Amino acid sequence: MESEGKDSPRPGRSWHHGRMMPMNSEDPHATASPAPANDATASTASDLGHTEAELVAARRDKLRRWRDELGLEPFGQRVDGIVPLAHARSQFDESAHADFEAARAAAAGSGAPPEDRRAPVRVAGRIMQHRDLGKLVFFWLRDHSGDLQVTVSKAQVPPATFALAKKLDYGDIVVADGRIGRTQRGEVCVWAASVEVHAKSLAPPPEKWHGLTDPELRYRQRYVDMYANPETIRTFQLRSGMVSFVRRWMDARGFLEVETPMMQPLAGGAAARPFVTHHNTLDMQLYLRIAPELYLKRLLVGGLPKVYEINRNFRNEGVDRSHNPEFTMMEVYQAFGDCFTMLELTESLLHELAVFMAEERARHGMSQPPEGAHARRGGPSLSYGKHLVDWSKPFERITYGDLFERAVGFPMTDFAKVRERARHLGVDEAKMDDWFVVNEVFEAIAEPTLDPARPTFVLEYPSAISPLTRPNRARPEIADRWDLFIGHMEIGPAYSELNDPDIQLAKFTEQLRGGGGEADEDERTFRSLDEDFVQALRVGMPPAGGLGLGIDRLAMLLTDSPTIRDVILFPLLRTE
RNA sequence: GAUCGCGUAGCUCAGUUGGCAGAGCAGCCGCCUUUUAAGCGGCCGGUCCUGGGUUCGAGUCCCAGCGCGAUCACCA
């Protein structure tokens, strides 16, 4: 395919005939004149504030003048050879700069061009700062790699280029060619030979110094947040690196990544309310999946020994700092494993992931923990808010019962005292089974005592509160399950999966009847028996370990983000 | 869904006891060849979230609603 290279400026458009104006118009109303009627994207004063309309009009007026008076087309085309700003900056060479300055001084007045060994670069970015000092214009560009200054000297560029450079706005997307040098003040910059606008920003920009701070605006206009707040791009670069690492790690251990249905005729695999949707041609009610579990287990039946899926789940529930209605989870199943297979896998994965993310955070310029922090354990430590999470192996392990007794002060089997404590907590325990009262007290009192700075596996959950989980063969009163907590968040559970179809069917049936008293009526209406899944178990599923890891919450921990919305590009918001 | 807090210029924020609606940034005009949140002079910019109410007078007090945030519930 033929490479067209840089686009060239187009002549002014004929439909501006009669609207030509001198650059320094004396008509005070000129900047407030309405946009051309044939401009389909024109905003009107009625859908913007009066003042915002004026700001937009000023930008449109520049656009028009560039076209009419400078013959430029400020919405550009393909440009080849652009290097990231950070790369351009790295091309700076002090000796080349010094040699050029000396050669320029020596050549002054001779007319001969001075020898110039400074690296030529082509850069592109969005204008973040702009200063017009008369015959010298400075502006800063920003791209995904960082910021870089461009300096434009009236003496070194064509008049039209300089006129353009003087009128650039915060937010415009600019391509500049030039040599990498520095200013007298020592700022590394591109000394521009050419400057072109390739996208005129018509929207009023956020505040220059504070950026965009209103959380709602940051999420609604993520595209503004991303350029105004560099840490936003960094967070998503880090998240992407994290997910890639997890995939590489799983792939290297022989796990096959698969994709199972997100639209399911039955929403199973978790206790949650689903979203409902509808297929027109098949006239069929469908649910957005609440978990991939039942499909992944079918794959074990089919003969895949090690599978995982990283993808979205949808739960029709509340929104808070650690919940978004659509969220990303990794589920893993390994034939002939159990929940301890999954524990070892999780511990190794997260430890190595934290080592990797420590390097990535450093590479992206995030501040690091003080030297020697947690060095005695030899593991990476990564700040998360006010905590310094110690990701060294082994992670902490504690049983449910021990944690309960340690935090509450008496054994969880002392149901009378448990009920008394629950009443003090305001729990309406009278109609609840003993073990669900225990769990109320556990979640209210024991879970918060876990050290947020140490990943902790909570083991040996009571079978009574894990109705779908396989009981331990030697000690049926405990479930073969654990939960991992980090930073006061549940990161994920793992199970020794049930593969006896008769027991599975019995448990499903009991759950459908509302057994255990945990599910409210509203939720039960969405529950239904997945008979095909039971049939799959009848075909025969190997015993297996299963794991679920909350990818968004891991991203929060590893990018030091206080809310799940900071690690989801477009979190759910009410429509305006 | 509940409780609490917040909502003022395009953005970031002040606004006293209820008494003329404010600043910085951004924008427009002018000056400057070394700026680093540039500077100087001049100018423009408001549905004080919405709707009621109290009052001579409401950004401010009261009620309702909407939106956002925090906590809780649900949940991972």
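Lettering of chains follows the sequences in order, A, B, ..., and the numbering in each one begins at 1. Source: prediction; values computed, not measured.
Under the side chain to side chain contact (heavy atoms under 4.5 Å, CB included) criterion, A:R179 pairs with A:D116, A:R118, A:P120, sequence neighbours left out. Looking at residues two or more places apart in sequence or on another chain, you find a ring pair (Phe, Tyr, Trp, His ring centres under 6.0 Å) between A:F395 and A:F457. Every residue two or more places apart in sequence or in another chain was checked for a ring pair (Phe, Tyr, Trp, His ring centres under 6.0 Å) with A:W191, and none qualifies. Here A:E94 pairs with A:F92, A:H97, A:R182 under the side chain to side chain contact (heavy atoms under 4.5 Å, CB included) rule; sequence neighbours left out. For A:E101, the side chain to side chain donor-acceptor pair (under 3.5 Å) partners are A:R104, not counting sequence neighbours.
Base engagement by A:Q149 is indicated by at least one non-hydrogen atom pair under 4.0 Å involving a base atom.
Neither OP1 nor OP2 of B:rC32 sits under 4.0 Å from any side-chain N or O of A:K166. A:K62 has a side-chain polar atom (N or O) that falls below the 4.0 Å cut-off from OP1 or OP2 of B:rC28.
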Contact letters for nucleotides 65-71 of chain B, in which S counts primed atoms plus P, OP1 and OP2 and B counts the base, heavy atoms under 4.0 Å
--SSSSS

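Of the nucleotides present, B:rC29 is the one that pairs with B:rG41 by Watson-Crick or G-U wobble criteria, both distances under 3.5 Å.
Stacking of A:F327 onto the six-membered ring of B:rA76 is present: less than 5.5 angstrom between centres, less than 30° between planes.
Rounded to an integer number of Å, the gap from CH2 of A:W482 to P of B:rA76 is 15 Å.
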